[in-house]
Amino acid sequence: MTRRPRLRACLLTAVLLSLGTGCKRKDTVKVEIFDEAAPPALTEALGALAPPWPAPERVVLADGLLVHWLREEGTPAVHLRLVFPTGDLKPALQGAPALIAARSVALELEALAARLSIRVEFTPRAGRYEVAVHGVDAELPAILAGLGDIFSAPGLDGPLARARKQVAHDLRSPDAESQALGVLTARLLGTAPAHEQITAAAVQDAPETALRDAWEALTDPRGALFVVHAGDTLAAHEDALADLAGRWKQRVKLIAAREATEEALVRLRQGPRPAAPPAQHLRRPPIAPLARVDPPASGRGSRSLLVLGRSLPLATARDRSLARLVQRHLQAELDIRLSITGTVGLFTIHVPLGAAGRGKPAADPLEEVEAAEQAADPSEADPLSRRLRRELTVIRDYLRERPLAQDLLGAAQLWLGARMVAASVGGEDWTALWSEALDLSVADGEIVAALARDAETMLAATPDEAAAFITRWLDLEKSEPGWAWVAVGNEADLKGIIAAESKGIEFEPPPE
């Protein structure tokens with residue numbers, strides 16, 4: 001893998017979301033406004049890069065369902081998002097059963113599409129499944145009634161059987177990259193590999209009892225979150241919400257002890273916390289053992305690949321914003337990914353082994369032969385290992401380059417502008433942005449201002465802050481522990497790399 005050409009930073013044109021005004025609510029609806037602290041001042045830049053929404057109305061219905069109501073006065077569209085956390089499901093219900101159960105809800109809503117003129121999206125996310133419904137504002141009462149029909153239906157066998165069939169149809173064989181990420185994620189976060197990577201066999205073999213139990217546990221209203229973006233106030237749909245609460249019953253059979261918390265982030269992050277990351281390095285003891293995964297039997301996903309990864313403790317919103325900015329900056333020239341769930345980030349560097357060292361000057365063939373004859377270490381005689389060593393040296397050196405202020409500003413503008421443009425192209429769905437704001441928040445009171453604060457932090461970050469973050473967490477040689485690495489490929493192709501794993505990653509010696 002070679003460094004990518006540096007991208008020219010550009011600020012994407014963003015479409016401002018309308019700022020809704022308040023409206024008098026009926027006294028019969030007890031609603032909370034949970035972010036009394038005003039969002040940060042919206043400068044011209046922040047106004048273009050973060051939604052200027054007002055604080056939402058929030059209410060817990062009689063069945064325990066938590067509703068966040070985002071009002072945009074005059075909007076002709078309505079967007080609803082059902083969020084089903086998976087963190088506190090029993091281990092037997094994680095993975096394939098939970099996926100099939102959540103997909104069944106989306107399929108039942110899709111069956112209403114022709115009658116209600118709605119569009120349904122199903123999105124698996126870290127720690128949760130989301131089902132979004134997009135329609136016209138006038139159809140909101142009918143959509144709420146349709147949800148009541150789904151959650152009060154007496155039989156589950158039909159919907160779950162259809163969902164199992166649809167999931168099996170949509171499931172694709174994992175490629176080399178997804179295999180590596182599944183192993184790496186399980187190692188760094190202490191999760192079960194089967195939960196990170198759902199196979200066709202797991203979908204086919206999931207017991208029907210597990211599917212029913214997963215559906216009842218996943219859709220218990222005391223654990224779900226319902227986000228609405230509409231033109232009316234919550235009080236204007238009080239009767240429809242009361243009807244929904246009366247029909248969407250608590251699943252007492254499985255979760256008798258659960259209390260309906262009023263905090264969205266508590267619901268999302270219930271269950272066991274991620275395990276402590278391994279206290280290991282890639283270069284100095286204690287060295288993380290190299291995990292090897294056999295590649296797919298055939299197809300485009302069978303390429304050999306090395307993935308280096310680490311967990312990042314991101315306790316504050318500022319930490320999360322800085323991590324995402326650094327990743328976006330480094331991604332201009334390296335294949336780097338970052339996913340954040342709550343206060344934990346997963347940072348990975350992807351190195352295609354077949355392309356390692358591409359673009360470097362070819363070595364003299366006679367020198368290659370001589371090196372092979374003289375090398376006592378198998379990795380020294382292996383061309384792939386030598387190319388990989390050169391590539392890792394390039395990556396290490398780039399990570400140590402101090403970013404320029406204009407590079408960081410360009411990365412921030414590109415990232416934030418793309419986010420707002422995506423929201424505009426997607427129909428200005430505030431619930432999608434609200435879902436992203438959930439991942440950037442530690443407490444519910446932060447959600448309403450999370451995207452504005454994220455933009456503010458990114459735009460204000462200095463080269464010294466970015467360099468210090470990279471040195472502490474991402475330097476392949478000197479950073480704090482918490483690393484793991486996975487190689488995907490045939491053992492015969494990786495024998496040199498495997499032989500050298502006990503020494504950790506190797507770099508080219510500095511020039512004399």
Side-chain angles (χ1 to χ4, degrees), residues 17 31-42 46 49-60 65-71 79 81-88 123 125-130 132 189 223-229 260-271 273-274 311-328 338-347 412 415-416 419-420 422-423 429-461:
L17 303 178
V31 176
E32 294 182 61
I33 304 297
F34 64 67
D35 191 46
E36 288 81 5
L42 296 179
L46 288 179
L49 299 173
W53 49 34
E57 299 170 294
R58 180 181 68 163
V59 64
V60 179
L65 179 66
L66 175 59
V67 179
H68 284 182
W69 195 281
L70 309 170
R71 183 176 183 239
H79 306 278
R81 187 169 298 266
L82 291 163
V83 181
F84 299 117
T86 60
D88 63 344
T123 307
R125 302 194 63 168
R128 64 186 186 265
Y129 291 106
E130 297 182 359
L189 302 184
L225 171 64
F226 188 34
V227 188
V228 180
H229 171 203
T261 175
E262 298 182 5
E263 297 294 315
L265 295 177
V266 173
R267 294 186 180 210
L268 285 172
R269 293 165 193 167
Q270 290 185 115
R273 295 183 177 274
S311 61
L312 296 173
L314 304 172
T316 68
R318 184 177 182 82
D319 292 335
R320 291 187 287 281
S321 296
L322 185 58
R324 291 162 67 248
L325 175 63
V326 165
Q327 180 264 340
R328 190 66 187 180
L338 174 67
S339 62
I340 298 176
T341 303
T343 59
V344 179
L346 186 66
F347 177 91
W415 174 268
L416 299 167
R419 179 170 67 193
M420 293 303 294
D429 173 15
W430 284 10
T431 71
L433 291 170
W434 194 255
S435 175
E436 185 169 348
L438 291 171
D439 290 329
L440 296 173
S441 306
V442 172
D444 277 25
E446 296 179 1
I447 300 171
V448 69
L451 298 185
R453 289 174 179 144
D454 183 47
E456 184 179 49
T457 299
M458 282 193 171
L459 293 170

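Quick caveat, the model's predicted, so the values are computed rather than measured.
Remark: Ser435 engages Arg125, Arg128, Glu130 in a side-chain hydrogen bond (donor to acceptor under 3.5 Å, both in side chains) (not counting sequence neighbours). Arg267 pairs by the salt bridge (charged side-chain N to carboxylate O under 4.0 Å, His left out) definition with nothing, not counting sequence neighbours. By the side-chain hydrogen bond (donor to acceptor under 3.5 Å, both in side chains) test, Arg269 pairs with no residue at all, sequence neighbours left out. By the side-chain hydrogen bond (donor to acceptor under 3.5 Å, both in side chains) test, Thr431 is found to be paired with Arg81, Asp429, residues two or more places apart in sequence or in another chain being considered. The side-chain hydrogen bond (donor to acceptor under 3.5 Å, both in side chains) search around Asp319 returns Thr316, not counting sequence neighbours. Legend: residues meeting salt bridge (charged side-chain N to carboxylate O under 4.0 Å, His left out) with Arg324, ordered by chain and number and at least two apart, are Glu436, Asp454.
Looking at Val442 and Leu265, their side chains never come closer than 4.5 Å, going by heavy atoms from C-beta outward. Counting heavy atoms from C-beta outward, Phe226 and Leu82 have side chains that approach closer than 4.5 Å.
When all heavy atoms are compared, the tightest approach of Ala317 to Leu440 is CB-O, 3.9 Å. Of all the heavy atoms in Pro56 and Trp434, the pair that sits closest is CG-CH2, 3.6 Å. Minimum heavy-atom separation, Ala264 to His68: CB-CE1, 3.7 Å. Heavy atoms only, all atoms of each residue included: Val448 and Gly445 are closest at CG1-O, 4.3 Å. Considering all non-hydrogen atoms of both residues, Trp53 and Ile447 come closest at CZ2-O, 4.5 Å. Nearest heavy atom pair, residue Ala437 against residue Ala450, reads O-CB, 3.8 Å.
Remark: Asp88 CG to Leu268 CG distance equals 10.5 Å, nearest 0.5 Å. Note that CG of Asp439 and CZ of Arg320 are 9.0 Å apart. Values are rounded to the nearest 0.5 Å. One distance of note links OG of Ser339 with CG of Leu189; it measures 7.5 Å at 0.5 Å rounding. If you take CG on Leu322 and CG on Leu314, they are separated by 9.0 Å, rounding to the nearest 0.5 Å. Rounded to the nearest 0.5 Å, atoms CG (Leu225) and CG (Asp444) are 8.5 Å apart. Atom CG of Leu451 is separated from atom OG of Ser321 by 9.5 Å, given to the nearest 0.5 angstrom.
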For Met458 and Arg328, run side-chain contact (heavy atoms from CB on, under 4.5 Å): C-alpha distance rounded to whole Å, both residues' side-chain angles, the deciding distance at 0.1 Å, then the answer. CA-CA 11 Å; Met458 282 193 171; Arg328 190 66 187 180; over 6 Å; no
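Arg58 contributes a side-chain N or O that, together with a main-chain N or O of Glu262, makes up a donor-acceptor pair within less than 3.5 Å. Of the possible polar contacts, none joining the Ser311 side chain to the Leu346 backbone as a donor-acceptor pair under 3.5 Å is found.
By the 30° and 60° cut-offs, the orientation of the rings of His229 relative to Trp430 is parallel.
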